[in-house]
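All ligand and atom numbering here is 1-based and tracks the order in the structure. Quick caveat, the model's predicted, so the values are computed rather than measured.
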Amino acid sequence: MNIILFGPPGAGKGTQARYLVKKLNGFQISTGDILRDEIKKDTEIGKKIVNNMNDGKFVSDEIVNDLIRDIINDPQKKNRLIFDGYPRSLSQAKNLDSLLENSNQEIGLIFLLNVSKDTIIRRIKKRKIEEKRSDDNLETIIKRYDTYIKTTKPVLDFYSKNSNFHEIDGALEIDQITNKINNFINV
Ligand code: AMP
């Protein structure tokens, strides 16, 4: 089953994605991790995106769509994809729809982990210390949150009409969120 996890930065998408990977023998597509890796390896793409990432701005749809195409088309990963941080714009959602359709796949479940701005700021401050992520400073966090609200909202409006869309309170403890997700998977 392919699953999409939505939520603002710091909502816990990555944690739940890693859980789902184990549970479903899945494959995580974290565009944030993929992009950070490009920067770390100092690739051509990395050089292009480093300023946007550090400013809390989105990377262009073109670059992100290019980076995920081969993963979605990989037959070994078919119907085992756990999306964490993608799609983040309407154009990415449409790109995903067509890539899945062309490879004879569909989205099984879509979860929105909803969390307030205050909770996110507190969590990301903690994560900055633990994971030493270069894009995690307070100013960036607020920009990333605002970018999320502005750009991701149309995607949510697009998906929330689907019967497989479920909103979960992301302020709950990690295990409680996992349990709620499990309730939908185990039916
Ligand atoms: P994340 O780790 O998912 O919070 O993403 C960190 C940063 O990577 C974001 O603030 C964006 O700059 C960039 N990013 C991650 N995923 C995407 C995406 N799907 N589209 C555009 N930019 C992205």
Report task. Please verify whether a non-hydrogen atom of Arg36 lies at under 4.0 Å from ligand 1. Result -> yes
**Report entry** Lys57 contact mode with ligand 1 (heavy-atom cut-off under 4.0 Å)
**Finding:** backbone
Query - ligand 1 N/O within reach of Phe58 N/O, cut-off under 3.5 Å - result: no
Query - Sub-3.5 Å N/O-N/O distance, Asp84 and ligand 1 - result: no
Requested in this report: Could you note down all residue pairs passing salt bridge (charged side-chain N to carboxylate O under 4.0 Å, His left out) where residues 148-158 supplies at least one of them, sequence neighbours left out?
Outcome: Lys153-Asp157
**Report entry** Heteroatom distance test (Arg88, ligand 1): nitrogen or oxygen, under 3.5 angstrom
**Finding:** yes
Query raised in the report: Would you call Arg36 and Asp33 a salt bridge, taking side-chain N to carboxylate O under 4.0 Å as the test?
Result: yes
Query raised in the report: Counting distance only, does the side-chain N/O of Gln16 pair as donor-acceptor with the main-chain N or O of Ile174 below 3.5 Å?
Result: yes
**Report entry** Contacting atoms of ligand 1, where contact means under 4.0 angstrom from a heavy atom of Leu35
**Finding:** 8 (O), 13 (C), 14 (N), 15 (C), 23 (C)
**Report entry** Distance, nearest 0.5 Å, that separates CD1 of Ile68 from CG of Asn73
**Finding:** 9.0 Å
Requested in this report: Provide the closest heavy-atom pair for Pro9 versus Tyr145 in the form atom of the first, atom of the second, distance.
Outcome: CG-N, 4.1 Å
Report summary line: Note: heavy atom closest to atom 7 (C) of ligand 1, options Lys13, Lys143, Gln92, Met53, belongs to Met53
Query - Atoms of ligand 1, numbered as shown, that sit under 4.0 Å from any heavy atom of Arg144 - result: 1 (P), 4 (O), 6 (C), 10 (O)
**Report entry** Under 3.5 Å: donor-acceptor pair, side chain of Thr43, backbone of Gly46
**Finding:** yes
Report summary line: Logged contact type for Val59 with ligand 1, heavy-atom cut-off 4.0 Å, is both
**Report entry** Atom indices of ligand 1 within 4.0 angstrom of Gly85 heavy atoms, with elements
**Finding:** 16 (N), 17 (C), 18 (C), 19 (N)
Report task. Report yes or no: does Thr151 contribute a side-chain atom to a donor-acceptor pair with the main-chain N or O of Ser89 at less than 3.5 Å? Result -> no
**Report entry** Ile110 backbone acceptor or donor facing Asn164 side chain under 3.5 Å
**Finding:** no
Query raised in the report: Of all the atoms in ligand 1, which lie at a distance below 4.0 Å from a heavy atom belonging to Tyr86?
Result: 19 (N)
